[in-house]
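To start, the structure itself, in structure tokens.
Every chain is numbered from 1 and lettered A, B, ... according to where its sequence line falls, protein lines coming before strand lines.
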Amino acid sequence: AQTVTQSQPEMSVQEAETVTLSCTYDTSESDYYLFWYKQPPSRQMILVIRQEAYKQQNATENRFSVNFQKAAKSFSLKISDSQLGDAAMYFCAYELYNQGGKLIFGQGTELSVKP
Amino acid sequence: EPEVTQTPSHQVTQMGQEVILRCVPISNHLYFYWYRQILGQKVEFLVSFYNNEISEKSEIFDDQFSVERPDGSNFTLKIRSTKLEDSAMYFCASSETQAATGEQYFGPGTRLTVT
């Protein structure tokens, strides 16, 4: 069975600093996708970044980047130059190719940003 | 920017009652999803829906649950006879395409409380 684990329930970062959120997953499949979603307080979950497993290059989206280690089944999110608006719950998620869009989520990491 | 909307934001119902949770996906999206999150637990996939058929469903999605797209805009989740353990936040999502090329856009959720 596919599982996603986020071992950090809470993280804190100083504004303008860099923080890394951890995520590991377990799968025997080779075709899959990985995501980080952000859920601000009382707001919708929004996609931050996605990574296709067949791509070796790590995905980046502005201040957000991932460190994808396929052999280690690790998919961490790095947020550079943290801003107050980055404070949210962050969910790591996995999707197996051709499985009806089913996302499997981790438990979430609550990120707080200190001014 | 288009958003997925859900009504009601909070529903309280008695055990054994039927409840219908409503979602309005983004208008040009063709794929629809329901997820739930029991308090303190992971977000869990329930079902995906395309072309008026269920594409994928989880073990949670038993005979008590059904989904429907009754018209061109709404997507509903019905729970026939609610149980205490159905209390959760229910999220609707939609995407333009399936697989990871189609970003899933989430609604704000409906908090269901079964008493």
Side-chain angles (χ1 to χ4, degrees), chain A residues 1-10 23-27 29-55 59 61 66 68 75 88-110, chain B residues 1-6 9-10 23-26 29-51 53-61 67 75 88-111:
Chain A
Q2 292 89 26
T3 59
V4 177
T5 302
Q6 293 177 249
S7 58
Q8 306 153 317
E10 297 175 349
C23 173
T24 58
Y25 59 95
D26 187 23
T27 184
E29 305 291 336
S30 58
D31 271 340
Y32 54 88
Y33 306 88
L34 296 162
F35 307 86
W36 279 97
Y37 277 86
K38 169 187 177 181
Q39 187 179 33
S42 304
R43 300 278 306 276
Q44 272 97 320
M45 250 192 302
I46 55 173
L47 181 66
V48 174
I49 199 165
R50 78 163 68 98
Q51 173 82 42
E52 292 88 341
Y54 64 84
K55 287 187 178 177
E61 285 287 341
V66 298
F68 173 47
F75 182 62
M89 183 71 87
Y90 286 82
F91 293 99
C92 177
Y94 161 102
E95 179 184 339
L96 186 61
Y97 178 74
N98 224 17
Q99 216 178 41
K102 172 182 176 181
L103 287 170
I104 298 170
F105 285 89
Q107 306 94 317
T109 296
E110 185 162 8
Chain B
E1 186 173 327
E3 286 188 336
V4 176
T5 59
Q6 291 184 243
S9 56
H10 190 191
C23 169
V24 179
I26 294 173
H29 286 186
L30 301 175
Y31 298 83
F32 314 110
Y33 314 86
W34 283 102
Y35 293 83
R36 80 171 186 190
Q37 185 180 28
I38 295 171
L39 188 65
Q41 298 186 22
K42 294 185 179 186
V43 176
E44 300 172 290
F45 171 82
L46 292 178
V47 66
S48 58
F49 189 85
Y50 167 71
N51 200 25
E53 288 185 351
I54 290 174
S55 306
E56 186 79 23
K57 62 181 181 178
S58 70
E59 318 79 59
I60 304 166
F61 195 87
V67 288
F75 178 52
M89 183 73 90
Y90 287 80
F91 295 102
C92 173
S94 69
S95 64
E96 198 171 353
T97 63
Q98 205 172 66
T101 55
E103 175 183 343
Q104 291 187 30
Y105 289 79
F106 283 80
T110 292
R111 180 168 298 284

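- Contact record, B/Val4 with A/Gln44: O-NE2, 3.3 Å, taken as the closest heavy-atom pair.
- Rounded to the nearest 0.5 angstrom, B/Ser95 OG and A/Leu103 CG are separated by 9.0 Å.
- When the candidates B/Gly109, B/Gly40, B/Ser55, B/Gly107 are compared by the number of heavy-atom contacts under 4.5 Å with chain A, B/Gly107 comes out ahead.
- Contacts of B/Phe91 with chain A are made by side-chain atoms alone, with heavy-atom separations under 4.5 Å and no backbone atom involved.
- Between the side chain of B/Ser48 and the backbone N or O of A/Gly101, no donor-acceptor pair lies under 3.5 Å.
- Expressed to the nearest 0.5 Å, how far CD1 of A/Ile46 lies from CD of B/Glu3 amounts to 10.5 Å.
- Neither the backbone nor the side chain of B/Val47 comes within contact range of chain A; no heavy atom of the residue lies under 4.5 Å from a heavy atom of that chain.
- Within the model, atoms NZ of A/Lys102 and OH of B/Tyr35 stand 9.5 Å from one another, a figure rounded to the nearest 0.5 Å.
- Residues B/Gln104 and A/Tyr37 have side chains in contact (heavy-atom distance under 4.5 Å, counting atoms from C-beta outward).
- Contacts between A/Gln39 and chain B at a heavy-atom distance below 4.5 Å involve the side chain alone, from C-beta outward.
- Contacts of B/Gln37 with chain A are made by side-chain atoms alone, with heavy-atom separations under 4.5 Å and no backbone atom involved.
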